[in-house]
Amino acid sequence: MTVTAIVGANWGDEGKGKMTDVLAAKSSFVVRFQGGSNAGHTIINDYGKFALSMLPSGVFYPEVTNVIGPGTALDGDSLLSEREQLLARGVPKPNLKVSNRAQVVLPVHRLLDALEEDRLGKRSYGSTKRGIAPFYADKYAKLGVQVADLYNRNQLLERVGQLLEVKNVLLTHLYGHQPLEANPIVEELLGLGERLLPYVYDTTAMLQQAYKEQRPILLEGQLGALRDPDHGIYPYSTSSSTLAGHAPVGAGLPAYAVTDIMAVVKAYSSCVGAGPFVSEIAGAEAEQLRIRGGDAGEFGVVTGRPRRVGWFDAVATRYGCMVQGATEVALTNLDVLGYLDSIPVCVGYQLEDGTVTEQFPVNAKLNGAKPILRQLPGWKCDITGAKSFEELPAAAQQYVSFMEGEIGVKISYLSVGPKREQLMKLG
Ligand code: GDP
């Protein structure tokens with residue numbers, strides 16, 4: 001029996017969706033425990049290619065229960081429209097449960113997110129404008145709306161009214177926007193509540209019971225360790241914890257329930273959005289890596305923004321795996337590097353004051369940090385058909401062993417392409 005957290009060791013986009021889609025085959029539950037529709041998981045399987053932003057990645061197996069946990073930022077419209085899109089493309093009806101304790105992203109959150117990005121202009125943190133930061137700010141300011149609130153008009157009116165008392169001051173005085181009225185928002189939310197009703201459930205009780213019955217549960221993280229608000233590159237972070245330590249809290253399980261922490265690591269680096277990124281490359285070199293990673297969707301799933309790319313960063317990844325508490329690593333996208341004669345990897349940082357370090361520094365010291373690069377031999381061939389580690393060219397094997405040594409955590413899975421079957425379990 002296992003409860004496994006599948007989480008990102010980097011900036012996100014490591015391939016967590018693919019790993020969850022594959023491992024969900026042997027699971028009873030797949031649970032989203034944080035974040036909302038602000039990051040996408042790309043999944044390629046027998047039904048086609050999908051970009052999920054709100055649905056858990058276990059939705060392709062009708063026997064798996066997919067849970068939107070209490071810690072998530074529920075974008076109800078995204079959830080329902082993604083579900084419709086799946087059905088329209090021949091995916092069997094997913095078994096979906098939404099926690100009655102999850103909170104709902106409100107239209108005012110999306111509005112405030114967009115207005116704040118405009119206000120910040122060049123100083124913006126690269127928000128996806130899905131309302132996530134205002135949502136979590138309001139949740140912790142006790143101004144949020146829980147799913148269970150959607151079924152009581154008077155209570156909802158009171159909650160929304162209380163929220164708008166504060167938000168309308170901001171809207172009118174800071175952003176020069178007209179104030180919002182509670183009634184139309186309440187009507188919209190009551191409608192959403194009706195559409196969500198078939199899925200609303202006490203998922204905490206359900207998962208606690210499933211845990212007691214020793215049923216296999218996957219907790220699916222969004223984004224990566226470096227976007228965590230406490231341990232990541234704050235303020236270029238997201239607004240909920242991306243760490244496995246938070247997974248049982250956001251899912252509604254005991255803290256000691258998580259037995260396996262699979263950190264997903266990319267064979268090179270990529271990042272959507274702003275913030276320090278020491279091993280980043282630019283110009284033609286970056287363009288080539290971005291194009292080679294084309295199948296790896298080097299354009300943000302939610303935003304369509306070109307992803308920033310760079311070489312594998314041992315400093316950031318080791319740190320990412322450490323704060324995740326990784327018990328194993330799934331290494332993805334190794335195939336993408338097959339075009340290079342020799343492959344640079346970042347093994348240390350030189351900070352602005354000249355200090356050289358292999359420890360990931362605080363954000364205040366990251367600005368101006370330069371990568372210390374080392375070259376590893378490339379393998380210059382297509383490895384997307386490889387079925388075992390032994391089949392890989394020696395240089396690819398050496399690259400994987402090097403990464404494992406740098407990260408200090410066992411690599412248990414190796415992915416050599418975006419499809420389900422392009423994955424090998426390592427001894
Ligand atoms: P997630 O948010 O961590 O699930 O990652 P994304 O879906 O945003 O980005 C990962 C991208 O890499 C997707 O386009 C996947 O289809 C793709 N992908 C996953 N594993 C591999 C792999 O081993 N090789 C290649 N070429 N692409 C992969």
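Just so you know, ligand 1 is whichever comes first in the structure, and atom 1 is the first atom listed for that ligand. Numbering of residues begins at 1 and proceeds along the displayed sequence.
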S.K.: Suppose I only count heavy atoms of Gly417 and a 4.0 Å limit; which atoms of ligand 1 are within that range?
M.R.: 20 (N), 21 (C), 22 (C), 23 (O), 24 (N), 25 (C)
S.K.: Indicate the ring-plane relationship of Trp379 and Tyr399, choosing parallel, tilted or perpendicular according to the 30° and 60° boundaries.
M.R.: perpendicular
S.K.: Please could you name the atoms of ligand 1 that Lys18 approaches to less than 4.0 Å, counting only its heavy atoms?
M.R.: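 Matching atoms, with element in brackets: 20 (N).
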S.K.: If I apply the N/O under 3.5 Å rule, does Gly17 come out as touching ligand 1?
M.R.: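 N/O-N/O distance under 3.5 Å: yes.
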S.K.: Does ligand 1 have an atom under 4.0 Å from some heavy atom of Gly8?
M.R.: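 Per 4.0 Å heavy-atom rule, Gly8 does not contact ligand 1.
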S.K.: Within ligand 1, which atoms have a heavy atom of Ser415 less than 4.0 Å away?
M.R.: 20 (N), 21 (C), 22 (C), 23 (O)
S.K.: Please name all residues satisfying ring pair (Phe, Tyr, Trp, His ring centres under 6.0 Å) with Phe33, sequence neighbours left out, ordered by chain then number.
M.R.: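 Residues passing ring pair (Phe, Tyr, Trp, His ring centres under 6.0 Å) with Phe33: none at all.
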S.K.: Taking distance alone, with no angle check, do Ile44 and ligand 1 share an N/O pair under 3.5 Å?
M.R.: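 Min N/O separation from ligand 1 is not below 3.5 Å for Ile44.
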S.K.: Would you find more than 12 non-hydrogen atoms of other residues, nucleotides or ligands less than 6.0 Å from Glu194 atom CD?
M.R.: no
S.K.: Quick test of your reading of the structure: of Asp21, Leu423, Asp335, Leu331, whose heavy atom lies closest to atom 26 (N) of ligand 1?
M.R.: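 Going through Asp21, Leu423, Asp335, Leu331 one by one, Asp335 has the nearest heavy atom to atom 26 (N) of ligand 1.
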S.K.: Counting heavy atoms only, which of Asn333, Val272, Val22 is nearest atom 18 (N) of ligand 1?
M.R.: Asn333
S.K.: Counting only heavy atoms not in Arg101, do more than 12 fall under 6.0 Å of its CZ?
M.R.: no
S.K.: For ligand 1, which part of Arg307 has a heavy atom less than 4.0 Å away: the side chain, the backbone, both, or neither?
M.R.: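 Side chain only; the backbone of Arg307 stays clear of ligand 1.
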S.K.: Below 30° counts as parallel, above 60° as perpendicular, anything between as tilted: where do the rings of Phe60 and Tyr47 land?
M.R.: parallel
S.K.: At what distance, to the nearest 0.5 angstrom, does OG1 of Thr20 lie from NE2 of His41?
M.R.: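 The distance works out to 6.0 Å.
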S.K.: If you measure from CZ on Phe50 to OG1 on Thr42, what distance do you get to the nearest 0.5 Å?
M.R.: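 The CZ atom of Phe50 sits 12.0 Å away from the OG1 atom of Thr42.
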S.K.: Between Arg159 (side chain only) and Gly144 (backbone N and O only), is there a donor and an acceptor less than 3.5 Å apart?
M.R.: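 At least one qualifying donor-acceptor pair exists.
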S.K.: Considering only heavy atoms of Lys16, which atoms of ligand 1 have at least one such atom less than 4.0 Å away?
M.R.: 1 (P), 2 (O), 3 (O), 4 (O)
S.K.: Going by the order shown, which atoms of ligand 1 are within less than 4.0 Å of some heavy atom of Val336?
M.R.: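 Heavy-atom distances to Val336 below 4.0 Å select 26 (N).
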